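Notes follow the structure.
Lettering of chains follows the sequences in order, A, B, ..., and the numbering in each one begins at 1. Since the structure is predicted, the reported quantities are computational estimates derived from the model, not experimental observations. Atoms considered below: every heavy atom in the structure, side chains included; atoms not considered: hydrogens, waters and symmetry mates.
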2 protein chains.
Amino acid sequence: MSRTSQATLGRRLYHPDRDEIRLESVLSALSDPIRLRIVRELARGHDDMACIAFDLPVSKSTCTHHFRVLREAGVIHQYYEGTSRMSRLREDDLEARMPGLLSAVLGAA
Amino acid sequence: MSRTSQATLGRRLYHPDRDEIRLESVLSALSDPIRLRIVRELARGHDDMACIAFDLPVSKSTCTHHFRVLREAGVIHQYYEGTSRMSRLREDDLEARMPGLLSAVLGAA
DNA sequence: GTCGTATTACGAAGGTTGTCAAACTACGAC
DNA sequence: GTCGTAGTTTGACAACCTTCGTAATACGAC
């Protein structure tokens, strides 16, 4: 304990490198309606968003779970800002690895 | 019994209509490595293919299962031809419902 | 330090998925 | 008719996924 502001750094969040992002994982991450909704909101979303801003119809722990799946698949980037966890779409990385995929998903009915 | 060539017709295969194809189902269907491999082969594939032509590293029943998932998601169309079951990508339907998705998936690493 | 907020971690229930083997059905060739 | 080939169906199993509640943690404000 002790070290006060180390904690934020201590809470490490795994993010795959750009070239570690796997198509299967991304598709799988996007195949859940709640996660799709998160991604759509992030895409519409003008700015990075805290988890709480999404107002999802699930419990807090389930929410954490879905954000983790998206992050570990490489779809979103997350970082701590005070007590909140901000999320941002990894649009550039996705576009580099699977060109057109994200926009096709967002554009679909 | 009796009616000889009725049987092929009797074995009905469910296919969703074009406008029943759901994004989540398609993404989920494509998120499995074996199914992705099937789709890639079909896309490269010049012609409709029988299941056996794929030479997949799984048992027959598992094979049946994967083809069914693809068919019920609306990704492929299947029909009987003698003792074989032929498969074909529903490229037009997919393109109409989720433009660019299939080619993005096929183009990805 | 204490308190409140945002979030994570743990553990469990319930459902779905991928896999197989064994038994079965449908068709074509003979 | 019989035989072989292609595929299905059933039933099983382990692994995973989604969900939750509860307990714990990290930070900001006081």
Side-chain angles (χ1 to χ4, degrees), chain A residues 1-15 22 24-38 48-73 75-87, chain B residues 1-15 22 24-38 48-73 75-87:
Chain A
M1 42 290 273
S2 51
R3 281 104 19 108
T4 46
S5 64
Q6 184 97 336
T8 305
L9 299 168
R11 294 200 272 171
R12 271 291 183 62
L13 297 171
Y14 168 74
H15 291 87
R22 288 182 29 248
E24 287 94 332
S25 310
V26 171
L27 294 174
S28 168
L30 296 177
S31 69
D32 180 275
I34 292 197
R35 292 195 292 261
L36 209 43
R37 178 167 160 176
I38 293 172
D48 299 359
M49 297 180 70
C51 296
I52 201 170
F54 288 87
D55 192 33
L56 298 166
V58 288
S59 74
K60 288 184 298 177
S61 22
T62 305
C63 200
T64 300
H65 162 72
H66 286 303
F67 276 96
R68 173 147 55 124
V69 172
L70 287 171
R71 174 169 44 80
E72 295 185 343
V75 178
I76 64 175
H77 179 87
Q78 293 190 291
Y79 58 95
Y80 287 102
E81 196 159 292
T83 171
S84 295
R85 184 134 115 185
M86 309 303 274
S87 297
Chain B
M1 51 307 257
S2 49
R3 281 99 22 105
T4 45
S5 65
Q6 185 96 335
T8 305
L9 298 169
R11 293 199 270 170
R12 270 292 183 58
L13 297 172
Y14 168 74
H15 291 87
R22 287 181 32 246
E24 287 93 332
S25 310
V26 172
L27 293 175
S28 168
L30 295 177
S31 69
D32 180 274
I34 292 198
R35 292 194 292 262
L36 209 42
R37 177 168 160 174
I38 293 172
D48 298 1
M49 295 178 70
C51 298
I52 200 170
F54 288 87
D55 192 34
L56 298 167
V58 288
S59 73
K60 286 186 299 176
S61 23
T62 306
C63 201
T64 300
H65 162 71
H66 286 304
F67 277 96
R68 172 147 56 123
V69 172
L70 286 171
R71 174 169 46 79
E72 294 186 344
V75 177
I76 64 175
H77 178 87
Q78 294 190 291
Y79 59 95
Y80 286 102
E81 195 160 292
T83 171
S84 294
R85 185 135 113 184
M86 308 303 276
S87 296

Starting at atom CG of A:Leu13, determine the distance to atom C1' of C:dA9, rounded to an integer number of angstrom. 14 Å

Spacing between A:Asp55 atom CG and C:dA6 atom P, to the nearest angstrom: 13 Å

Spacing of B:Gln78 atom CD relative to D:dA6 atom P, expressed in whole Å: 16 Å

Is there a side-chain contact between B:Arg35 and A:Glu24 in this structure, where contact means two heavy atoms from C-beta onward sitting under 4.5 Å apart? no

Rounded off to whole Å, could you give me the CD1-to-P distance for the A:Ile34 and D:dC17 pair? 16 Å

So NE2 of B:His66 and CD1 of B:Ile76: to nearest 0.5 Å the spacing works out to 12.0 Å

Of all heavy-atom pairs linking B:Arg37 and B:Pro57, the shortest is NH1-CD, 3.7 Å

In whole angstroms, how far is the P atom of D:dA6 from the CG atom of B:Leu56? 14 Å

When the distance from CZ of B:Arg35 to C1' of C:dT19 is rounded to whole Å, what number comes out? 12 Å

OG of B:Ser25 to CD of B:Glu72: how many Å apart, nearest 0.5 Å? 10.0 Å

Nearest-Å distance, CD (A:Glu24) to P (C:dT17)? 18 Å

Just compare D:dG7, D:dC20, C:dG18 and give me whichever is closest to any side-chain atom of A:Val58. D:dC20

Distance col, row B:Ser28:OG vs A:Leu27:CG, nearest 0.5 angstrom, shows 9.5 Å

In terms of heavy-atom contacts, A:Arg71 and A:Tyr14 come closest through NH1-O, 2.9 Å

Using a 3.5 Å cut-off on both pairing distances, which stems of three or more Watson-Crick or G-U pairs include DNA chain D? C:1-30 with D:1-30

Could you check how far CD of A:Glu81 sits from P of C:dA6, rounded to whole Å? 14 Å

For DNA chain D, what residues of residues 59-73 of chain A have any heavy atom nearer than 4.0 Å? A:Ser59, A:Ser61, A:Thr62, A:His65, A:His66

Once side-chain contact (heavy atoms from CB on, under 4.5 Å) is applied, do any residues pair with B:Thr64, and if so which ones, sequence neighbours excluded? none

Can you measure from CZ (B:Phe54) to OG (B:Ser87) and round to the nearest 0.5 angstrom? 5.5 Å

Residue B:Thr83, side-chain atoms from C-beta onward, closest of D:dT18, D:dA6, D:dA26: D:dA6

Can you tell me how far CD1 of B:Ile52 sits from NZ of B:Lys60, rounded to the nearest 0.5 angstrom? 9.0 Å

